[in-house]
Amino acid sequence: MIQENISLKKYNTFGLNIKADRLITLRDEKNAARFLERNGEKAGKTLILGSGSNILFTDDFHGTVIHPDMGGITLEESTEDYVIVSAGAGVIWDDLVEITVSRGLGGLENLSYIPGTCGAAAVQNIGAYGCEAKDTITRVRALGMKDGLVREFLNSDCRFGYRDSIFKNELKGQYLITRVCFRLSARPSLNVGYGSLKEETGKMGAHSLENVRKAVINARKTKLPEPSQIGNAGSFFKNPVVSGSMADELKTKYPSMPLFSDPSGKMKIPAAWLIEKCGWKGKRIGDAGIYENHALVIVNHGKASGKELLDLSEKMIRSVHEEFGIILEREVQVI
Ligand code: EPU
């Protein structure tokens, strides 16, 4: 389906009423391959857009927006210990989590209620409560944007990192993800080590997949705003990772600073803490603001423009840099 001069308000969770020259929705892999084979070379400026839950538009998009909307959740393989499930790039992430949890399959429960689609989950390596999408992704199927040819990426080909993958770097804009395969446990062991997740799950009775999902949903609903009520894209910045020696120095100067060890051996500092310390939590400049319950979330109180939201983020970066000598990196993609 091709739409011209169309508003992307429904396609970005900041609720910005910007327009794209063209929006092309691709619903199945075969048609998508044919379309890219014929038009890929001459498509001009393009942007692949899932549900727009991690994007900030600062202006109208003069080019072609491609919206992958391949559906379907399929059981690919099943053993006594694990199953391989594949999901179309356009499947809503939390629908996949809900269905797999309800079938007693473990691996995605900590990632409950994250907005976005399954294709975007692989690009962004979404994460929460001690888990990341990369922990379960086995393969990513994609089409070359210029020729429509199918390519399969194994987990190790995807170069997953903290909210990062090859699809955001070396191969940015070069592949259209169509399906993602996940290896889920048929004998799940729960991962409730993050924060108060164990306690919250325990309060519900049994430590079960369903209860972990419920506890995660409760936690997210308490801390993070619903995009349908107040425009936002979840965490706006990544948590900065610093060397052990820099972490020691900062801790001496700011004894209450929380620090978490990172798998890289370095230390992770919650960006929310840094931002809150700089006095930004709950502040607003016009309709661009910082959420009152979580300092890492920039919100659109109604009529903020993309540029105003970006300006606010720049002010936050500057003040965190002045106070702590740390440069915050945006998690949200700015267009
Ligand atoms: N904190 C503050 N002020 C706040 C909020 C938090 O000081 O307003 C401090 C607290 O010390 C808290 C710490 O920050 O212990 C961490 O906060 P939280 O547990 O909410 O996690 P986060 O590091 O801010 C990350 C992810 C979230 C994910 C949560 C839970 C990033 C950039 N964000 O946030 O992911 O839901 O952990 O696992 O890594 C997202 O990526 O969009 C997202 C929401």
Side-chain angles (χ1 to χ4, degrees), residues 12-14 50-56 93-94 97 108-117 120-135 160-165 168 191-201 212-213 215-227 230-242 250-251 254-264 266-283 289-299 313 316-317 320 323-324 326 328-333:
N12 76 99
T13 56
F14 273 116
S51 59
S53 56
N54 200 51
I55 202 158
L56 174 63
W93 172 261
D94 197 51
V97 180
L108 304 182
E109 59 282 1
N110 290 32
L111 305 179
S112 289
Y113 215 58
I114 295 183
T117 56
V123 175
Q124 179 68 358
N125 182 25
I126 56 171
Y129 303 99
C131 291
E132 289 183 323
K134 75 166 172 55
D135 305 335
F160 287 123
Y162 170 47
R163 298 293 190 281
D164 207 15
S165 74
K168 289 178 80 178
N191 175 355
V192 285
Y194 186 99
S196 57
L197 198 52
K198 188 169 187 176
E199 194 187 319
E200 294 301 320
T201 311
V212 172
R213 175 168 164 77
V216 168
I217 292 177
N218 287 346
R220 292 189 74 92
K221 282 189 172 170
T222 320
K223 278 201 276 188
L224 302 168
E226 293 276 352
I230 179 163
N232 77 92
S235 300
F236 197 90
F237 301 99
K238 290 187 189 182
N239 286 327
V241 178
V242 301
L250 286 164
K251 191 78 184 168
Y254 307 95
S256 63
M257 175 183 278
L259 286 168
F260 301 94
S261 42
D262 187 67
S264 65
K266 296 183 171 178
M267 300 302 284
K268 215 180 229 183
I269 306 175
W273 188 89
L274 301 171
I275 295 165
E276 186 173 344
K277 279 285 163 217
C278 291
W280 285 106
K281 193 168 175 175
K283 285 261 166 72
I290 292 104
Y291 192 50
E292 58 193 1
N293 295 339
H294 206 297
L296 199 47
V297 185
I298 291 187
V299 291
S313 77
M316 293 160 76
I317 293 174
V320 167
E323 176 66 29
F324 299 101
I326 292 172
L328 291 180
E329 195 187 323
R330 291 185 190 90
E331 181 190 310
V332 164
Q333 191 191 351

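In each ligand, atom 1 is the first atom listed, and ligand 1 is the first ligand listed. The figures that follow rest on heavy atoms only: side chains count, while hydrogens, waters and symmetry mates do not.
Taking the ring-ring contact (aromatic ring centres under 6.0 Å, His included) definition, one finds that Tyr162 meets it with nothing, sequence neighbours left out. In this structure Tyr254 satisfies the side-chain hydrogen bond (donor to acceptor under 3.5 Å, both in side chains) test together with Glu323, sequence neighbours excluded. Partners of Tyr129 under the ring-ring contact (aromatic ring centres under 6.0 Å, His included) rule, at least two apart in sequence or in another chain, are Tyr194.
Heavy atoms from other residues, nucleotides or ligands lying under 6.0 Å from NZ of Lys277 number 12 at most. Shown here is Lys281, whose NZ atom has more than 12 heavy atoms of other residues, nucleotides or ligands within 6.0 Å.
Protein neighbours of ligand 1 below 4.0 Å, counting non-hydrogen atoms: Gly127, Ala128, Tyr129, Tyr162, Arg163, Tyr194, Arg220, Lys223, Leu224, Gly234, Ser235, Phe237, Lys238, Asn239, Pro258, Pro270, Ala272, Trp273, Glu276, Lys281, His294, Ala295, Leu296, Glu331.
Screening Glu132, Glu331, Arg163 against Gln124 for a side chain to side chain donor-acceptor pair (under 3.5 Å) leaves a single residue, Glu331.
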